[in-house]
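These notes are about the structure you will find just below.
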Amino acid sequence: MAEYHLTAPLTDADVQKLKIGDIVYVSGKAFTCRSRLQKYIFDEKNVLPFSTEGRNVLIHNGPVIIKENGKWKLMSFMPTSSIRFEKWGAKSVDEWNLKMIVGKTTMGEETAKMMKEKKCVHVSPRSVSPNLWIDSIEVEDVYLYDELGRIEAAWFFNLKDIGPFIVDIDTEGNNYFDKLDGEIAKRKEKALKELGIDENFKFTKLY
């Protein structure tokens, strides 16, 4: 396990050195995305109103932001579960030329395949409340506010060494959580044998 401090926009070299289980801190330019933005672009065939060429870190997040004294102020920042957006994951990586997706948990096989092809990673917050990062996140701009609403709009952030994140999908398509599931299954099998419990044992349902 290694630790890296990266600054976006990210390069192929930046992300190719990352392996599952590595720890990452991220600085630089990023933008937010939830289901409504992806549906608006990919399903409803609208044009993305900004370039992702110099902003290739996407955060699955619906931040709480208010306007105070004429400026946007971030009140709450909590990445949401990325697997919810698997339908558009591969398209997002491909068409937006992403190098990193930030979100809780992980993503599916199709997104992982595209990440391998396009050299992109997925990272998930590790053992920290993301709201502790508020002072390290500057709100730069917002797009599609009127069309999608405050939560679903695409917010532009400038990050200042936020983390730690754990790499859960690397540029080879390896998935940290798949690896954990395999280890858990082996330990479960061993535990059941030691306890004399049949492997077909089923937990009692409470409903």
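- Side-chain heavy atoms closer than 4.5 Å link hydrophobic residues (I, L, V, M, F, W, Y) into clusters, and following such links, even through other members, never connects V142 to I66.
- With a 4.5 Å cut-off on side-chain heavy atoms, F165 and V26 count as touching.
- Considering only heavy atoms from C-beta on, H60 stays 4.5 Å or farther from S81 through its side chain.
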N175/I20 under side chain to side chain contact (heavy atoms under 4.5 Å, CB included): CA gap, chis, key distance, verdict: CA-CA 7 Å; N175 189 303; I20 55 171; 5.9 Å; no

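- Applying the side chain to side chain contact (heavy atoms under 4.5 Å, CB included) criterion to T7, with sequence neighbours excluded, gives S27.
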Steps toward side chain to side chain contact (heavy atoms under 4.5 Å, CB included) verdict (M1, E3): CA-CA 7 Å; M1 181 186 299; E3 179 176 306; over 6 Å; no

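- Scored by the side chain to side chain donor-acceptor pair (under 3.5 Å) test, E53 finds no partners at all (sequence neighbours excluded).
- Contact between P79 and G103 at its shortest, heavy atoms only, is CB-CA, 4.1 Å.
- Between L6 and L18, the closest side-chain pair of non-hydrogen atoms falls below 4.5 Å.
- The side chain to side chain donor-acceptor pair (under 3.5 Å) check on N61 picks up nothing, with sequence neighbours excluded.
- Scanning all heavy atoms of the two residues, the minimum distance from T105 to I83 falls at OG1-N, 4.2 Å.
- Considering only heavy atoms from C-beta on, I166 comes within 4.5 Å of Y176 through its side chain.
- Using a 4.5 Å heavy-atom cutoff, the side chains of K160 and W133 are not in contact.
- Heavy atoms only, all atoms of each residue included: P9 and D14 are closest at O-OD2, 4.4 Å.
- The other residues sharing a hydrophobic cluster with M114 are F31, L37, Y40, I41, F42, L48, F50, L58, F85, W88, V93, W96, L98, I101, M107, M115, Y143, L144, L148, F156, I169, where clustering joins ILVMFWY side chains under 4.5 Å apart.
- Separating the CD1 atom in I59 from the CE atom in M100 is a distance of 10.0 Å, to the nearest 0.5 Å.
- To the nearest 0.5 angstrom, T11 atom OG1 is 8.5 Å from N56 atom CG.
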Would you give me the side-chain donor-acceptor pairs under 3.5 Å for residues 68-75, sequence neighbours excluded?
unit_1 : atom_1 : unit_2 : atom_2 : d
E68    : OE1    : K73    : NZ     : 3.4

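- For E44, the salt bridge (Lys or Arg N to Asp or Glu O under 4.0 Å) partners are R36, not counting sequence neighbours.
- For R150, the side chain to side chain donor-acceptor pair (under 3.5 Å) partners two or more places apart in sequence, or in a different chain, are Y145.
- For residues 25-35, the pairs satisfying salt bridge (charged side-chain N to carboxylate O under 4.0 Å, His left out) are K29-E140, R34-E152, with sequence neighbours left out.
- Within a 6.0 Å radius of CD in Q16, more than 12 heavy atoms belonging to other residues, nucleotides or ligands are found.
- Here salt bridge (charged side-chain N to carboxylate O under 4.0 Å, His left out) pairs that include residues 80-105, with residues two or more places apart or in two chains, are D12-K99, D43-K87, D94-K118.
- Rounded to the nearest 0.5 Å, atoms NZ (K39) and CG (N46) are 12.0 Å apart.
- You'll find the side chain of V57 reaches within 4.5 Å of the side chain of L10, heavy atoms only.
- Between W155 and C33 there is no side-chain heavy-atom pair separated by less than 4.5 Å.
- Residue pairs that meet the salt bridge (charged side-chain N to carboxylate O under 4.0 Å, His left out) test with at least one member in residues 161-171, sequence neighbours left out, do not exist here.
- Judged purely by atom type and a 3.5 angstrom limit, R55 uses its side chain to pair as donor or acceptor with the backbone of F157.
- M78 and L132 are assigned to two separate hydrophobic clusters, defined by single-linkage of ILVMFWY side chains at heavy-atom distances under 4.5 Å.
- Considering only residues two or more places apart in sequence or on other chains, S35 meets the side chain to side chain donor-acceptor pair (under 3.5 Å) condition with none of them.
- Residue pairs meeting the salt bridge (charged side-chain N to carboxylate O under 4.0 Å, His left out) criterion with at least one member in residues 15-26: none, sequence neighbours excluded.
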